[in-house]
S.K.: 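Below: one structure in structure tokens.
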Amino acid sequence: MSTAFHLLPPSASSISTEVDLLYLFLVAVSAFFGVLIAGLVIFFAVKYGRKHPDDVGAPIHGSLVLELTWTIIPFAIAMVMFVWGADLFFRLARPPRDSMEVFAVGKQWMWKVQHPEGVREINTLHVPINRNVRVTLGSEDVIHDFYVPAFRVKMDVVPGKLSTLWFRATKPGTYHLFCAEYCGTNHSAMIGQVIAMEPQDYETWLSGGASTASPAVAGEKLFNDFACSTCHKSDGSGRGPVLNGVPGSTVALADGSTVVADDNYLHESIVMSVAKVVRGYQPIMPVFQGQISEEQVMELIAYIKSLKAPGTAPAAK
Ligand code: CUA
């Protein structure tokens with residue numbers, strides 16, 4: 001990595017140039033008005049400053065044209081910032097459907113990563129370029145923040161919930177991975193690398209990794225080990241709800257409300273099942289909070305997502 005001074009970090013994702021342009025626009029507008037206003041303050045102070053002790057200010061009766069001008073122009077500029085920023089924000093907040101999913105858990109003081117094929121790594125994330133990568137983030141302890149400056153993406157990682165971030169790397173290289181939220185004594189050492197590779201190099205790297213079970217397969221084992229399978233039977237005969245097809249669906253709850261079964265709902269239902277009981281079932285599931293690691297929760301979710309939804313072909317594991 002070069003030691004030369006750079007104004008901006010390297011730009012290596014599909015969105016990084018767009019983020020830079022928006023940022024430069026905000027800086028340029030701020031600089032323009034900052035200079036304009038400071039200049040006018042000085043100019044008017046000199047031009048209209050009191051020259052004699054007995055000077056009296058001229059009466060001013062207002063100007064509709066002037067007032068409309070200084071209202072409409074800033075409004076238009078603010079709306080440009082809003083529309084531009086909101087468009088970029090929404091695209092950053094919504095991972096494309098074709099993304100490959102990587103799991104990352106923040107833990108004092110490291111990042112633990114697991115790839116869909118099962119390969120694990122610590123403080124390093126290998127990704128193929130030109131492919132949408134969705135990182136599902138969880139925390140084992142306190143709030144961390146997953147930050148890759150070169151990709152212009154950053155997301156808080158909060159204990160008790162899952163958050164998501166996505167990017168598409170465009171240039172092979174090694175980039176900083178920071179924790180951007182103070183998380184204790186060694187926060188400053190919670191540093192890793194994102195290594196973006198040509199797709200074939202990534203495949204080679206993957207096949208050379210220690211082969212462990214994919215998250216979905218590991219989740220299936222946990223599902224049996226924790227005896228989830230005794231109540232959650234796929235034929236509906238168990239004491240717990242059928243889980244097939246639940247992810248992404250709308251679930252009716254015992255209190256009469258409904259909830260969309262997103263990652264956070266699944267997460268909450270695994271660690272704290274009594275929080276949202278499904279209609280027609282009793283709150284009999286044990287609370288797993290403190291009994292199960294964040295990685296295990298992610299693996300269970302991966303397994304539940306891999307379950308065959310009623311009336312469809314089996315999902316790929
Ligand atoms: Cu983790 Cu700072």
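Counting convention: from 1, in listed order, for ligands and their atoms alike. Not measured: the values here are computed from a predicted model.
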S.K.: Which class fits the ring pair Y182 and H187: parallel under 30°, tilted 30 to 60°, perpendicular over 60°?
M.R.: perpendicular
S.K.: Nearest 10° is fine: what angle sits at atom 1 (Cu) of ligand 1 between SG from C179 and SG from C183?
M.R.: 110°
S.K.: Looking at atom 2 (Cu) of ligand 1, which N/O/S atom of H187 is the nearest one?
M.R.: ND1
S.K.: Restricting to N, O or S atoms of E181, which is nearest to atom 2 (Cu) of ligand 1?
M.R.: O
S.K.: Once the angle between the rings of F44 and Y48 is folded into 0 to 90°, is it parallel (under 30°), tilted (30 to 60°) or perpendicular (over 60°)?
M.R.: tilted
S.K.: Going by the side-chain hydrogen bond (donor to acceptor under 3.5 Å, both in side chains) test, name the single residue among H126, R131, H115 that passes it with Y202.
M.R.: H115
S.K.: Taking backbone and side chain together, does H144 place any N/O/S atom at a distance below 2.8 Å from atom 2 (Cu) of ligand 1?
M.R.: no
S.K.: Do other residues, nucleotides or ligands put more than 12 heavy atoms under 6.0 Å from Q200 CD?
M.R.: yes
S.K.: Short check: any N/O/S atom of M190 below 2.8 Å from atom 1 (Cu) of ligand 1?
M.R.: yes
S.K.: Would K171 and I129 count as a side chain to side chain contact (heavy atoms under 4.5 Å, CB included) here? Give the steps.
M.R.: CA-CA 6 Å; K171 274 186 217 154; I129 60 166; 5.9 Å; no
